[in-house]
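See structure below.
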Number of protein chains: 2
Amino acid sequence: MSSPAHALADARLEFVTQWGVLGSAWGISRTMAMLHALLITSQVPLSTDEAMEALTISRGNANTNLRELVSWGLVRKVVQPGERRDYFEAEKDVWKIFCTVVRERKRREVDPALAVLRSCAERTASLRGSEAREFNGLMVAIGEFVELAARVMDRVAASERSKIVPAVLKLFK
Amino acid sequence: MSSPAHALADARLEFVTQWGVLGSAWGISRTMAMLHALLITSQVPLSTDEAMEALTISRGNANTNLRELVSWGLVRKVVQPGERRDYFEAEKDVWKIFCTVVRERKRREVDPALAVLRSCAERTASLRGSEAREFNGLMVAIGEFVELAARVMDRVAASERSKIVPAVLKLFK
DNA sequence: CTGAACTTTCAGTTATTACTGAAAGTATCG
DNA sequence: CGATACTTTCAGTAATAACTGAAAGTTCAG
């Protein structure tokens, strides 16, 4: 049996690694997901150099992905008193992380998809023929569905955990 | 202004293309997403050769991605009477498509993630020290959250649109 | 059986995406 | 200022994922 210190380090490493795997299955770069996992499991903010060393990645890679995490709003730069370099700290509240991801993916991917669906629906609205009408009906149906999803995402992203989770629990399960 | 026939073909092409883009942002291969878009916008089932031609892809690529779509349950093989070759037909009900995707991603990605989180929580449950306790608390918190998400996904995947959508509409918006 | 019609596989190639590291840029301090 | 400490950029390279096409496999009619 391994020592307690290793048990923690091992578990953390497994978490960081698997978070990376999961992220890449959902279209998030492995490194970005791993950096996120590293930061949320760190008690203290980390510098670029510390992150580089922990994941054995280059400065450029660390810099790019840390800034990307900041642009998602999942991580913020913090200043250590008397220090010149930037430190990074992740939001650790699971509900807030979830809301942020929902908000960003909605903005980055769902809204553009909605625009495409609307354009496809509009451009075929007045066409005749069963093929055109069927296509148009499908675009409208998918559009309405995605619109509903978008509304739910907006609402979730803006909500308090204490208000939504109990309601969801009541609705499902 | 272009002819009506082109307007439909153009809109369909835009939809197929953009569905591919959206898919790849969410970790689904572009070709698979495009094949899916092609099939749901087809009034008739398509053969492998027809799909190959429509997307200008190789036989191997078409075969692999069509089978993958079948394994997701989004597409089924159908036999045309008196025909030897396989034809493929997509489920067109938007709610059913959504449920299928939810069910499959839960099974393929969320369940494994849950296993990792539980393992990380268990392995650190009895460790002492503030770092270990904080890590363990985070694993438990994320685990509970993902478990809730998994339950919601199970429930959604098994539900009738007419029962869930109105309830969701009432809850959000 | 045999061959035609079709499907599947997979080694090799191509396309895409991610990463490196050195150079250029910026801010701060004495 | 000029030196130092740090951050950002990006051309080149590496890693990964996806695709091709020909060969092997399967099915079935005659």
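Chain A is the first sequence line, chain B the second, and so forth, proteins listed ahead of strands; every chain is numbered from 1.
Distance from the side chain of B:Arg30 is smallest to C:dT16 among C:dT16, D:dT9, D:dC6. Checked against D:dT8, C:dT7, D:dC19, the side chain of A:Arg67 finds its nearest nucleotide in D:dT8. Listed nucleotides: C:dT9, C:dC19, D:dC19. Nearest to the side chain of B:Asn63: C:dT9. In the set C:dA18, D:dT7, C:dT20, C:dT20 carries the atom at the smallest distance from any side-chain atom of A:Ser58. With D:dT27, D:dT8, D:dT4 as the candidates, the nucleotide lying closest to the side chain of B:Arg84 is D:dT27.
At a threshold of 4.0 Å, the pair A:Glu89-A:Lys77 does not count as salt-bridged, since none of the basic side-chain nitrogens sits closer than that to a carboxylate oxygen. Ion pairing between a basic and an acidic side chain is recognised when a charged N comes within 4.0 Å of a carboxylate O; B:Arg161 and B:Asp93 show no such pairing. A salt bridge is defined here as a Lys NZ or Arg NE, NH1 or NH2 lying under 4.0 Å from an Asp or Glu carboxylate O, and B:Arg155 with B:Glu160 fails to meet this definition.
Per the geometry, CH2 belonging to A:Trp26 stands 21 Å off C1' belonging to C:dT17, to the nearest Å. Between A:Glu68 atom CD and D:dT8 atom P there is a gap of 13 Å when expressed in whole angstrom units. Whole-Å rounding puts the A:Ile57 CD1 to D:dT7 P distance at 14 Å. As rounded to whole Å, 16 Å separates atom P of D:dC6 from atom CG of A:Leu46. The CZ-P distance, from B:Phe88 to C:dC6, rounds to 13 Å in whole Å. Atom CG in B:Leu35 sits roughly 9 Å away from atom P in D:dC19 (whole-Å rounding). Straight-line distance from the CD1 atom of B:Ile28 to the P atom of D:dA18: 11 Å, rounded to whole Å. The CE atom of B:Met32 sits 12 Å away from the P atom of D:dC19 (whole-angstrom rounding).
Taking side-chain N and O atoms only, A:Arg85 has no distance below 4.0 Å to OP1 or OP2 of D:dA5.
Residue order along DNA chain C, read from the 5' end via each residue's closest nucleotide, puts B:Lys77 first among A:Thr56 and B:Lys77. Each of A:Glu83 and A:Asn61 was matched to the nucleotide of DNA chain D holding its nearest heavy atom; the match closer to the 5' end belongs to A:Glu83.
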Distance-only check: which donor-acceptor pairs under 3.5 Å involve side-chain atoms of residues 109-117 of chain B, not counting sequence neighbours?
| unit_1 | atom_1 | unit_2 | atom_2 | d |
| --- | --- | --- | --- | --- |
| B:Glu109 | OE1 | A:Trp26 | NE1 | 3.1 |
| B:Glu109 | OE1 | B:Arg105 | NE | 2.9 |
| B:Glu109 | OE1 | B:Arg105 | NH2 | 3.4 |
| B:Asp111 | OD1 | B:Lys106 | NZ | 3.1 |
| B:Asp111 | OD2 | B:Lys106 | NZ | 3.4 |

Quick one: side chains of residues 140-151 of chain B, donor-acceptor pairs under 3.5 Å with protein atoms, not counting sequence neighbours, listed by atom name and distance.
| unit_1 | atom_1 | unit_2 | atom_2 | d |
| --- | --- | --- | --- | --- |
| B:Glu147 | OE2 | B:Arg118 | NH2 | 3.0 |

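Residue contacts shown for A:Arg59 include a base, since a base heavy atom lies under 4.0 Å away.
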